[in-house]
Q: 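First the structure, which I've put down as structure tokens, then a few questions once you've had a look.
The figures here come from the full heavy-atom set of this structure, side chains too, leaving out hydrogens, waters and symmetry mates. Both counts, for ligands and for their atoms, begin at 1 and track the order of listing.
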Amino acid sequence: MIRHLLSGGDLDAGTATEILDTAAEMATVAGREVKKLPALRGRTVVNLFYEDSTRTRISFEAAAKRLSADVINFSAKGSSVTKGESLKDTALTLQAMGADAVVVRHPASGAPHRLANWLDGSVVNAGDGTHEHPTQALLDAYTMRARLGRLAGLHVAIVGDVLHSRVARSNVLLLSTLGAKVTLVGPPTLIPVDWAARAGVGSAATDADPGTDVCYDLDAVLPGVDVVMMLRVQRERMNDSYFPSAREYARRYGLDGPRLRRLPEHAIVMHPGPMNRGMEITPEVADSPRSTIVEQVANGVSVRMAVLYLLLGGNNR
Ligand code: ASP
């Protein structure tokens, strides 16, 4: 097993499948009256959050507690970070306190990689800037496998603000390792140029990557996919206008009832949350039985239990 989980690309197919299989076992704990295993008793997990989060932070906390670890929640607001303490000094403090694993969310891409150089324990990337969010990709893969029975050969459309999405990047890396085909869909301004080029779309077309495709037309893609993953439009990361108006965006790239009905009957709709209801997804779609949004949250706890358990060597003790 690897020591850190920093990127969706850190995992080969065998390790990723081991995490998903372990998560399926962990999910049985959630159905018990006492939702706890002794696996990480005496271990310390620190949640180090420099950016706001609802789902991810609570999910990691629940996961560590269900494995009986001691959990320390650190949020940058209200800490010495506001007095200017550097990430390195914070890391050394955590090290001195004997953290076995540090789960980090940070607005700067690459911060978890730096942390991994300074700490003896394991580092889990819980979202770094616009870069990566590997446990989200794992819980998404888990949800697809649970609903559709397999990952190899699935066709997944990832739709919307791909440019600012760490969820998209980690999903592309993990899903291609696991044999799924990904089509990135969005306005040209929100699809990274290098990805479009790699997929052979646009004037910069170079060596095409057969696993990842790019398409600017949502309606053309919908009838042929098994999964449609809608991304949040991340206005807080936009320092430019990438589309004319919210209305125009919703009209071209929002998933609404008529578009939902154009999907194959077995296809599912995913969203990592938080949603902009009415923009990238309508309430009718978000709350439909085809939507896995609430399941994704529940599966997130099982997947994070599996990650912490395997990184901390739970199976070797
Ligand atoms: N919750 C996800 C993330 O932290 C997705 C989002 O914020 O839109 O990256």
Side-chain angles (χ1 to χ4, degrees), residues 5-9 47-63 73-77 102-113 123-144 156-175 182 184-187 190-192 227-239 242-243 246 249-250 253-255 269-282 285-286 291-301 303-304 307:
L5 179 57
L6 304 176
S7 160
N47 288 323
L48 183 62
F49 276 64
Y50 287 84
E51 246 190 18
D52 296 341
S53 167
T54 307
R55 267 159 293 271
T56 307
R57 198 189 59 71
I58 295 174
S59 182
F60 269 108
E61 182 174 352
N73 289 316
F74 173 103
S75 82
K77 279 185 204 125
V102 175
V103 176
V104 59
R105 168 164 290 194
H106 201 284
S109 299
H113 300 70
V123 175
V124 181
N125 182 358
D128 61 330
T130 57
H131 186 218
E132 287 229 34
H133 194 356
T135 59
Q136 177 74 44
L138 282 163
L139 76 88
D140 290 337
Y142 181 96
T143 305
M144 290 176 213
V156 181
I158 302 183
V159 183
D161 184 3
V162 178
L163 185 66
H164 299 101
S165 178
R166 51 198 178 199
V167 174
R169 188 174 304 276
S170 290
N171 261 295
V172 166
L173 293 170
L174 183 69
L175 287 171
V182 177
L184 302 171
V185 185
L190 289 175
I191 303 281
V227 178
V228 51
M229 182 186 296
M230 303 308 295
L231 299 173
R232 182 172 66 90
V233 176
Q234 303 201 29
R235 297 200 158 186
E236 79 280 16
R237 298 194 203 277
M238 292 187 185
N239 44 19
Y242 289 86
F243 46 84
Y249 181 90
Y253 294 103
L255 193 60
V269 175
M270 309 182 76
H271 193 301
M275 288 181 267
N276 292 311
R277 282 178 183 256
M279 189 152 180
E280 69 266 2
I281 193 164
T282 60
V285 177
S291 147
T292 61
I293 297 168
V294 178
E295 274 161 65
Q296 286 169 263
V297 176
N299 294 339
V301 179
V303 163
R304 288 169 177 131
V307 167

Q: Taking atom types as modelled and ignoring hydrogens, do the side chains of Arg105 and Thr56 form a donor-acceptor contact shorter than 3.5 angstrom?
A: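 Yes, because at least one side-chain N or O of Arg105 sits under 3.5 Å from a partner of the opposite role on Thr56.
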Q: Assess whether a salt bridge exists between Glu61 and Arg55, defined as any Lys/Arg side-chain N lying under 4.0 Å from an Asp/Glu carboxylate O.
A: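 Result for this pair is no, no salt bridge flagged.
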Q: Would you indicate which of Arg232, Gln136, His164 comes nearest to atom 6 (C) of ligand 1 when only heavy atoms are counted?
A: Arg232
Q: Write out the residue and atom name of the closest protein heavy atom to atom 1 (N) of ligand 1, then the distance separating them to 0.1 Å.
A: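 I find the closest protein heavy atom is Gly273 O, 2.9 Å.
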Q: Measure from the side-chain N and O atoms of Thr143 to the backbone N and O of Leu139, and report whether any donor-acceptor pair falls under 3.5 Å.
A: yes
Q: So if I count the atoms of ligand 1 from 1 in the order they appear, which ones are less than 4.0 Å from some heavy atom of Pro274?
A: 1 (N), 6 (C), 7 (O)
Q: Do Arg235 and Glu280 sit within salt-bridge range, that is, some charged N less than 4.0 Å from a carboxylate O?
A: no
Q: Of all the atoms in ligand 1, which lie at a distance below 4.0 Å from a heavy atom belonging to Val167?
A: 2 (C), 5 (C), 9 (O)
Q: May I have the step-by-step check of side chain to side chain donor-acceptor pair (under 3.5 Å) for Ser59 and Arg304, ending in yes or no?
A: CA-CA 7 Å; Ser59 182; Arg304 288 169 177 131; 2.9 Å; yes
Q: Quick check: Arg166 and ligand 1, any N/O pair under 3.5 Å apart?
A: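 Looking only at distances, the answer is yes, because the N/O contact criterion of under 3.5 Å is met.
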Q: With heavy-atom distances below 4.0 Å as the criterion, list the atoms of ligand 1 near His133.
A: 3 (C), 4 (O), 9 (O)
